[in-house]
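One structure is given below, encoded as structure tokens.
In this chain, numbering begins with 1 at the start of the sequence shown. Side-chain atoms are counted along with the backbone in the values below, which use heavy atoms only and exclude waters and symmetry mates. Treat the numbers as computed from the prediction; the structure is a model and nothing was measured.
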Amino acid sequence: MKPVLRVIITAAAIAASPALACASAIYTTTIDYTPSPDGGWPADPGLGDRIVIEWSVGAGAAGVVDEFDLESLTFHLYGEGALLWSDVAIVAGVVQPIDGQARTLSPTAVPNGITFAFDLDAWALDPGAGLSAFDNDGPQAQAGGSGETWNLYGDAGDVTALLIDAYGPYPAQSSRGPVDAVATTLAAPVPLPGALPLALVGIAGLGALAARRR
């Protein structure tokens with residue numbers, strides 16, 4: 001077999017291999033809500049009026065995904081357009097501590113662990129659908145911390161952004177309100193790290209064949 005032909009065949013095999021598959025699908029779910037004084041919570045947008053959840057799952061995921069399916073999970077709390085707080089909860093499938101305190105993945109019935117539920121099939125039909133539950137933690141784990149931590153939790157009908165007590169030199173603050181809008185977008189899938197070099201091999205092979213023909 002001619003060397004150039006070998007390169008082309010190898011490149012084709014590489015291009016068809018799972019190595020070129022996407023590593024994960026990255027989503028951003030934005031939840032806008034209006035702070036309400038119902039229940040004694042301050043009606044102050046400066047304490048939070050938007051939660052942005054960035055999360056990712058394997059590219060082949062379908063149906064309902066939960067906290068055990070997530071490859072990454074990050075929460076951002078905004079108030080009047082300003083970023084108030086961020087929480088990196090899961091990285092590469094590993095649960096991260098909150099304010100130095102360990103936390104775990106937990107079933108929805110357990111209020112003190114990370115929970116998440118999203119229906120990818122429902123979202124495919126409606127960008128405002130899909131999210132049914134999320135919780136980044138509860139008070140027990142955060143009680144041992146010393147900095148500012150928020151507990152963000154709720155569902156598509158009742159979102160709560162709640163600061164769990166006062167763990168530091170600041171007053172306890174809370175914000176709760178009904179959801180105004182929920183929207184989820186999908187970013188461009190992320191290829192595996194080895195995909196680019198392998199693709200370049202294929203391109204080089206095609207170039208070599210073209211040069212040989214000339």
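Contact record, Ile51 with Thr160: CD1-O, 4.2 Å, taken as the closest heavy-atom pair. Among all heavy-atom pairs drawn from Phe118 and Ser132, the shortest one is N-OG, 4.5 Å. Annotation for Asp158 and Gly177: closest pair OD1-O, 4.4 Å, computed over non-hydrogen atoms. Annotation for Ala43 and Pro37: closest pair CB-CD, 3.8 Å, computed over non-hydrogen atoms. Contact between Leu186 and Ile26 at its shortest, heavy atoms only, is CD1-O, 3.3 Å. For Ser36 against Pro178, the heavy-atom pair with the smallest separation is CB-CD, 4.0 Å.
Remark: the backbone N or O of Thr28 is not paired with any side-chain donor or acceptor of Glu54 at under 3.5 angstrom. Here the side chain of Asp119 pairs a donor or acceptor atom with the backbone of Asp121 at under 3.5 angstrom. Using modelled atom types, no side-chain atom of Glu71 and backbone atom of Asp69 make a donor-acceptor pair closer than 3.5 Å.
Going from atom OG of Ser86 over to atom CG of Leu77 covers 8.5 Å, rounded to the nearest 0.5 Å. With rounding to the nearest 0.5 angstrom, the OH atom of Tyr78 is 13.0 Å from the CD1 atom of Ile31. Summarising the geometry, atom OG1 belonging to Thr74 is positioned 9.0 Å from atom CD belonging to Gln96; distances are rounded to the nearest 0.5 Å.
Residues Tyr27 and Trp123 bring their aromatic ring centres within 6.0 Å.
Partners of Asp66 according to the salt bridge (Lys or Arg N to Asp or Glu O under 4.0 Å) rule, which considers only residues two or more places apart in sequence or in another chain, do not exist here.
Using a 4.5 Å heavy-atom threshold, the side chains of Val91 and Val94 count as separate. Proximity of Thr30 to Arg50: side-chain heavy atoms (C-beta onward) are separated by under 4.5 Å at one or more points.
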Could you check Thr34 against Asp49 for side-chain contact (heavy atoms from CB on, under 4.5 Å), going step by step and ending with a plain yes or no? CA-CA 6 Å; Thr34 301; Asp49 54 20; over 6 Å; no

So Asn136 and Tyr153, side-chain contact (heavy atoms from CB on, under 4.5 Å) or not? Walk me through it. CA-CA 7 Å; Asn136 71 322; Tyr153 64 95; 5.7 Å; no

Please report the C-alpha distance between Phe75 and Val52 in whole Å, then the side-chain angles of each, then the deciding distance to 0.1 Å, and finally whether the side-chain contact (heavy atoms from CB on, under 4.5 Å) criterion is met. CA-CA 6 Å; Phe75 295 90; Val52 177; over 6 Å; no

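Between Arg103 and Asp87 a salt bridge is recorded (basic side-chain N to carboxylate O distance below 4.0 Å).
Donor-acceptor pairing under 3.5 Å is recorded for the side chains of Trp55 and Thr29. For the residue pair Ser56/Ser72, the side-chain donor-acceptor check at 3.5 Å is satisfied.
Linking ILVMFWY side-chain heavy atoms closer than 4.5 Å, directly or via other members, places Phe68 and Val95 in a single hydrophobic cluster.
Applying side-chain contact (heavy atoms from CB on, under 4.5 Å) to Ile114 and the options Ile90, Leu70, Asp135 leaves one that passes, Ile90.
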